[in-house]
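Remarks on the structure that follows.
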Amino acid sequence: MAETMHALVYHGTNDLRLEERPLPQIQDPRDAIVKVELSSICASDLHIRNGAVPRALPGTVLGHEFVGEVVATGSEVRKVRPGQRVAANVETFCGTCWFCRQGYVNNCRHGGWELGCRIDGCQTEYVRVPFADNGLDPIPDSLSYQDVLLVGTTSSITLRFSAA
């Protein structure tokens with residue numbers, strides 16, 4: 001595997017650049033690394049590009065809607081494993097803070113809208129997903145990546161796949 005990857009990086013209003021970036025690494029035992037197979041461009045990505053999201057950090061890889069294959073997991077990840085196909089939730093959330101326990105994962109004290117806004121997102125080849133047990137859902141063999149690409153736009157708390 002290569003040491004670097006291509007990524008679409010936000011540098012400020014109307015300043016997006018395709019760059020070489022190092023492959024992401026596990027930073028926390030609850031992380032997973034996912035090889036991106038398909039991603040979509042959300043209106044939020046366009047809002048960032050247009051300067052309408054002041055909390056977006058320059059130097060961040062855009063994107064938070066994607067599906068792919070898990071290539072590595074931290075020691076505390078239990079729900080997904082390397083080789084498994086997954087859909088990502090657009091929100092990054094711990095599952096244990098007051099907001100998460102109330103179902104307000106977008107206000108998570110340790111997450112919220114992080115991917116593609118404050119930490120590197122999915123408009124690249126590989127992405128680190130914090131709190132992988134909350135943010136990744138296995139894709140049943142009966143469904144394709146195309147079938148589930150936009151599932152992440154709904155909360156993993158309320159939607160689970162069924163192999164119909």
Side-chain angles (χ1 to χ4, degrees), residues 1-75 77 79-93 105-106 108 110-141 143-154 156 161:
M1 187 177 343
E3 297 293 321
T4 62
M5 61 185 182
H6 293 95
L8 183 63
V9 181
Y10 167 73
H11 284 280
T13 303
N14 294 317
D15 186 0
L16 304 180
R17 302 176 200 166
L18 186 61
E19 298 179 358
E20 285 286 322
R21 286 291 187 92
L23 294 176
Q25 303 295 313
I26 300 289
Q27 297 178 17
D28 181 278
R30 298 166 291 182
D31 289 351
I33 306 297
V34 177
K35 180 181 187 293
V36 177
E37 293 295 334
L38 286 176
S39 66
S40 64
I41 297 172
C42 178
S44 299
D45 299 322
L46 302 177
H47 294 319
I48 290 172
R49 180 202 63 193
N50 295 339
V53 182
R55 67 186 299 263
L57 295 176
T60 300
V61 177
L62 288 179
H64 56 263
E65 295 179 359
F66 72 101
V67 293
E69 182 180 319
V70 176
V71 296
T73 59
S75 61
V77 175
K79 186 172 143 187
V80 298
R81 65 189 183 291
Q84 197 164 27
R85 296 177 327 126
V86 293
N89 189 299
V90 299
E91 300 287 350
T92 302
F93 59 100
V105 298
N106 58 313
C108 174
H110 308 285
W113 176 26
E114 296 293 302
L115 286 173
C117 182
R118 301 188 60 77
I119 64 173
D120 287 341
C122 68
Q123 298 301 334
T124 186
E125 299 172 60
Y126 294 86
V127 63
R128 178 182 69 90
V129 178
F131 306 113
D133 282 339
N134 298 329
L136 296 174
D137 283 305
I139 299 173
D141 291 339
L143 299 173
S144 72
Y145 285 127
Q146 293 86 352
D147 290 334
V148 298
L149 176 59
L150 299 179
V151 167
T153 61
T154 61
S156 289
F161 296 114

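It should be emphasised that the depicted structure is a prediction, and the values quoted were computed from it without experimental measurement.
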Got a sec, which residues hit side chain to side chain donor-acceptor pair (under 3.5 Å) with Asp147, two or more places apart in sequence or on another chain?
-> Ser144
With distance as the sole test, does Asp137 use its side chain to make a donor-acceptor pair with the main-chain N or O of Ala87 at under 3.5 Å?
-> no
Please list all pairs passing the side-chain hydrogen bond (donor to acceptor under 3.5 Å, both in side chains) test where one or both residues lie in residues 48-57, with sequence neighbours left out.
-> Arg55-Glu114
Should the heavy atoms of other residues, nucleotides or ligands under 6.0 Å from CG of Asn14 be counted, would the total exceed 12?
-> yes
Results of salt bridge (Lys or Arg N to Asp or Glu O under 4.0 Å) for Asp45 - residues two or more places apart only = none
Kindly write out the residues that satisfy salt bridge (Lys or Arg N to Asp or Glu O under 4.0 Å) with Glu37, not counting sequence neighbours, or none if the list is empty.
-> Lys35
Taking only residues two or more places apart in sequence or in another chain, which ones pass salt bridge (Lys or Arg N to Asp or Glu O under 4.0 Å) with Arg128?
-> Asp31
All pairs passing salt bridge (charged side-chain N to carboxylate O under 4.0 Å, His left out) where residues 5-27 contributes a residue, at least two apart = Asp15-Arg17, Glu19-Arg21, Arg21-Asp120
Assess whether atom CD1 of Ile41 is packed by more than 12 heavy atoms of other residues, nucleotides or ligands within 6.0 Å.
-> no
Only one of Val127, Leu62, Val61 forms a side-chain contact (heavy atoms from CB on, under 4.5 Å) with Leu115, so which one is it?
-> Val127
For Arg85, what residues pass the side chain to side chain donor-acceptor pair (under 3.5 Å) criterion, not counting sequence neighbours?
-> none
Here the pair of heavy atoms bringing Cys117 nearest to Ile48 is CA-CD1, 4.1 Å
Measure the spacing between NZ of Lys79 and CG of Asp133 and express it to the nearest 0.5 Å.
-> 6.5 Å
Pairwise distance OG1(Thr60) to CG(Leu8) - rounded to 0.5 angstrom = 11.5 Å
Name all residues meeting the salt bridge (Lys or Arg N to Asp or Glu O under 4.0 Å) criterion together with Arg118; count only those two or more places apart in sequence or in a different chain, and write none if there are none.
-> none
Quick one: closest heavy-atom pair of Asn89 and Glu91, and the distance?
-> OD1-N, 2.7 Å
With sequence neighbours left out, write down each residue that passes side chain to side chain contact (heavy atoms under 4.5 Å, CB included) with Ala132, or none if nothing qualifies.
-> Ala32, Val77, Leu136
For Ile26 and Thr73, which heavy atoms make the closest approach, and how far apart are they?
-> CD1-C, 3.9 Å
Identify, with sequence neighbours excluded, every residue that meets side chain to side chain contact (heavy atoms under 4.5 Å, CB included) alongside Pro29.
-> Ser75, Glu76
Could you grab the distance from atom CH2 of Trp113 to atom CD1 of Ile119, nearest 0.5 Å is fine?
-> 12.5 Å
Could you state the interatomic distance from NE2 (His110) to OG1 (Thr92), rounded to the nearest 0.5 Å?
-> 13.0 Å
Heavy-atom pair with the smallest gap, counting every atom of Tyr145 and Leu38 = CB-CD1, 3.6 Å
Search all heavy atoms of Leu149 against all heavy atoms of Phe66 and return the closest pair with its distance.
-> CD1-CA, 3.9 Å
Kindly write out the residues that satisfy side chain to side chain donor-acceptor pair (under 3.5 Å) with Ser39, not counting sequence neighbours, or none if the list is empty.
-> Gln123
Separation of Tyr126 OH from Ile33 CD1 (nearest 0.5 Å) = 10.5 Å
Can you name the side chain to side chain donor-acceptor pair (under 3.5 Å) partners of Glu69, sequence neighbours left out?
-> none
Tightest non-hydrogen contact, residues Val90 and Glu65, listed as CG1-CG, 3.6 Å
